Amino acid sequence: MALTESFYPNISSPLLAESDTALLDVLTSPRWQGVQKFSRRDAALDPLLLAVAASAGTHTTRNHYHHDFFPGAQADAVARGKRASENTNKPQERKRMSYVSKQGPRRLRLQPTISLQPAIASQVISLAGPSPISSIEVKCMARTRIPTPYGPVFLHLYHNNRDNKEHLAIVVDSAQYSDDSSVLAPPIRSSSLDAVWNDDETDMDRIIRGAYVGKLSATSQHPSRPSLHQPSPTASIPSPLVRIHSECFTGETVGSMRCDCGEQLDEAIRLISEPISLPSNASPNSRTIPGRGAVIYLKQEGRGIGLLSKIRAYNLQDLGHDTVTANLMLGHQADERGYEIAVAILRDLGLGSELGEGVRLLTNNPDKVQALEKEGLRVVERVQMVPRSWRHRSHSQADAGEADLGKTAGVTMIGGEAVRGEDLDKYLRTKILRMGHMLPLYLAGGQAES
């Protein structure tokens with residue numbers, strides 16, 4: 001009754017039935033007051049609850065109960081079978097099994113783990129605080145020739161130690177067809193691809209992954225060799241043209257005219273593939289050389305917010321918001337892209353470093369130029385990318401210019417056509433007015449917002 005009065009200090013005892021207080025005393029009593037015919041089960045309940053709780057974690061299942069949390073259960077089962085086989089009537093004392101945990105101390109289990117796989121990124125989680133970010137390492141896993149309407153390009157696929165995405169490099173460089181060292185411009189080759197990966201690799205292993213020189217065929221198979229020194233650039237040869245391009249499924253694959261991403265990718269490869277004019281003192285035998293450069297294709301859809309958020313942002317744009325406001329309303333930044341991996345890929349190709357060639361960057365985005373230079377990329381020139389529809393839009397030749405567009409093939413769904421429309425103009429004006437892109441707004445044809 002003392003326990004009952006402590007639970008209900010303001011209620012007089014006549015209000016509680018005698019059976020209720022008896023039941024409460026039974027349930028809360030530390031020891032059973034009557035005759036105990038069976039052993040209490042609450043002693044074995046603690047390890048069982050621990051096992052169930054641990055099974056809810058990501059690393060432990062209910063099958064760990066016998067092995068890790070209560071190993072005595074299996075041992076007791078073996079002992080019972082042994083006693084049954086002895087066929088004796090003597091009462092035997094049952095050995096009480098104690099709870100044994102095989103887990104390590106908590107301080108050891110909470111230490112961060114580091115993956116030893118070099119080609120696959122691993123995220124290191126530290127409970128004590130943020131861990132220092134390791135330097136970016138990239139490795140070209142494969143390379144192959146891709147014929148395009150603008151000529152052949154070499155597609156390089158990269159792995160890195162920062163994320164699990166497969167970023168690409170589209171290299172335009174006809175010098176890769178030749179093993180002749182007398183060419184005016186040095187070849188744009190991946191040092192990690194041409195490196196020796198292991199002592200057991202064969203020439204065919206190197207050729208299959210793309211480490212070859214010349215044009216690969218059934219009769220021409222020449223594996224490349226690791227370059228001991230980086231070829232020095234020639235001062236009279238213009239720097240290669242480079243575009244850092246972010247993936248855009250809607251613009252490149254579906255042909256969406258909400259943006260000019262598909263047009264920009266096609267235009268970048270077209271501009272890089274154009275012949276390069278040489279100064280008069282560069283070569284007495286030739287006034288031009290084939291176009292050379294690269295497009296670094298990063299898997300960061302929707303300025304880094306992903307395709308799901310990008311689709312939702314499109315719905316917000318249909319409600320009247322621009323592309324920047326839509327991102328902010330979804331909890332994202334206006335631009336969440338990063339360019340550390342792109343710079344590492346360019347360095348692997350021998351471009352943009354202090355010892356290698358500088359690059360001429362195809363972009364209208366000043367923030368991109370600043371971010372790349374902050375990562376150590378040597379940008380010698382920024383080359384403007386004017387939208388095709390804006391470039392052909394003028395009072396005198398609007399009709400003729402528009403009629404001439406869309407006649408040539410290209411590398412994306414848009415191809416050689418010009419993206420046009422009210423959605424595109426609104427998108428481009430937002431990039432100019434709110435993101436500082438360096439484009440002449442007057443080319444919008446008088447549709448610019450004041």
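Numbers here are sequence positions counted from 1. Keep in mind the model is a prediction, meaning the values are calculated, not measured.
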J.: Return yes if some donor-acceptor pair links the side-chain N/O of Glu381 with the main-chain N/O of Leu361 below 3.5 Å, else return no.
T.: no

J.: To the nearest 0.5 Å, what is the distance between CE (Met438) and OG1 (Thr363)?
T.: 7.0 Å

J.: Report yes if some heavy atom in the side chain of Asn315 is under 4.5 Å from a heavy atom in the side chain of Leu319; otherwise report no.
T.: no

J.: Answer whether the closest heavy-atom distance between the side chains of Leu155 and Leu168 falls below 4.5 Å.
T.: yes

J.: Filter on side chain to side chain donor-acceptor pair (under 3.5 Å), then keep only pairs touching residues 195-205, sequence neighbours left out; what's left?
T.: Glu201-Arg206, Glu201-Arg209, Thr202-Asp205, Asp203-Arg225

J.: Spell out, as yes or no, whether a donor-acceptor pair under 3.5 Å connects the side chain of Glu301 to the backbone of Phe249.
T.: yes

J.: State whether the side chain of Asn364 and the backbone N or O of Leu439 hold a donor-acceptor pair below 3.5 Å, judged by distance alone.
T.: no

J.: Say whether, by atom type as modelled, one donor and one acceptor occur between the side chain of Asn160 and the main chain of Asp163 under 3.5 angstrom.
T.: yes

J.: For Arg378 and Gly352, indicate whether the former's side chain and the latter's backbone hold a donor-acceptor pair under 3.5 Å.
T.: no

J.: Looking only at heavy atoms, what is the nearest atom pair of Gln221 and Ala218, with distance?
T.: NE2-O, 3.3 Å

J.: Minimum heavy-atom separation for Cys259 to Leu424, with atom names?
T.: C-CD1, 3.6 Å

J.: Met141 versus His156: any side-chain heavy-atom pair under 4.5 Å?
T.: no

J.: Could you pull out the closest heavy-atom pair between Asp173 and Pro186, with the gap in Å?
T.: OD2-O, 4.4 Å

J.: With a cut-off of under 6.0 Å to the ring centre and 45° to the axis, is Arg143 in cation-pi contact with Tyr212?
T.: yes

J.: Which distance, rounded to the nearest 0.5 Å, do you find between the CD of Gln300 and the CD1 of Ile244?
T.: 9.5 Å

J.: Can you find a pair of side-chain heavy atoms, one from Cys140 and one from Leu157, that are under 4.5 Å apart?
T.: no

J.: For the residue pair Asp260 and Tyr427, confirm or rule out a side-chain donor-acceptor distance under 3.5 Å.
T.: no

J.: If every non-hydrogen atom of Pro240 is compared with every non-hydrogen atom of Ile188, which pair is closest and at what distance?
T.: CB-CD1, 4.4 Å

J.: Looking at Ser135, is its backbone amide N or carbonyl O close enough to the side chain of Asn161 to form a donor-acceptor pair, meaning the two atoms are under 3.5 Å apart?
T.: yes

J.: Name all pairs fulfilling the side chain to side chain donor-acceptor pair (under 3.5 Å) condition that reach into residues 320-335, sequence neighbours left out, sorted by first residue then second.
T.: Arg303-Thr323, Ser309-His332, Asp322-Thr325, Asp322-Arg434, Thr325-Arg434, His332-Glu336, Asp335-Arg337

J.: List the atom of Ala185, the atom of Ile237, and the distance in Å for their closest heavy-atom pair.
T.: CB-CG2, 4.2 Å

J.: For the pair Lys426 and Gln317, evaluate side-chain contact (heavy atoms from CB on, under 4.5 Å) and give the outcome as yes or no after the intermediate values.
T.: CA-CA 10 Å; Lys426 180 181 178 181; Gln317 292 176 34; 5.5 Å; no

J.: Any side-chain heavy atom of Leu346 within less than 4.5 Å of one from Leu377?
T.: yes

J.: Heavy atoms, side chains only, cut-off 4.5 Å: are Glu267 and Met385 in contact?
T.: yes

J.: Checking the side chain of Ser220 only, and the main-chain atoms of Lys215 only, is there a donor and an acceptor separated by less than 3.5 Å?
T.: yes

J.: Evaluate the criterion side-chain hydrogen bond (donor to acceptor under 3.5 Å, both in side chains) for residue pair Gln264 and His245; output intermediate values, then yes/no.
T.: CA-CA 8 Å; Gln264 282 187 328; His245 188 88; 5.0 Å; no

J.: Would you say the side chains of Ser239 and Glu357 form a donor-acceptor pair under 3.5 Å?
T.: no

J.: Hey, what do you get for CD1 (Ile170) to CD1 (Ile269), rounding to the nearest 0.5 Å?
T.: 4.5 Å

J.: Take Ile272 and Arg292 through the test side-chain contact (heavy atoms from CB on, under 4.5 Å) and record every step on the way to the result.
T.: CA-CA 6 Å; Ile272 295 173; Arg292 55 193 298 266; 5.9 Å; no

J.: Determine whether Leu362 and Leu271 make a side-chain contact, defined as any pair of heavy atoms from C-beta on separated by less than 4.5 Å.
T.: yes

J.: Would Met435 and Asp367 satisfy side-chain contact (heavy atoms from CB on, under 4.5 Å), going step by step from the backbone distance to the final call?
T.: CA-CA 9 Å; Met435 304 183 70; Asp367 293 337; 5.8 Å; no

J.: Under a 4.0 Å threshold between the charged nitrogen and the carboxylate oxygen, would Glu166 count as salt-bridged to Lys299?
T.: no

J.: Quick one: OG on Ser190 to CG on Leu349, what's the gap to the nearest 0.5 Å?
T.: 6.0 Å

J.: Go through Val242 and Arg360 one step at a time and tell me if the side-chain contact (heavy atoms from CB on, under 4.5 Å) criterion holds.
T.: CA-CA 6 Å; Val242 168; Arg360 294 182 295 136; over 6 Å; no

J.: Could you tell me if Tyr158 and Ser192 have a donor-acceptor pair between their side chains, going purely by distance under 3.5 Å?
T.: no

J.: Heavy atoms, side chains only, cut-off 4.5 Å: are Ile296 and Tyr339 in contact?
T.: no

J.: To the nearest 0.5 angstrom, please state how far the CG atom of Leu216 sits from the OG1 atom of Thr144.
T.: 8.0 Å

J.: Please report the shortest heavy-atom distance between Cys248 and Tyr297, naming the atom on each side.
T.: N-OH, 3.9 Å

J.: Distance from His167 atom NE2 to Ile341 atom CD1, nearest 0.5 Å?
T.: 3.5 Å

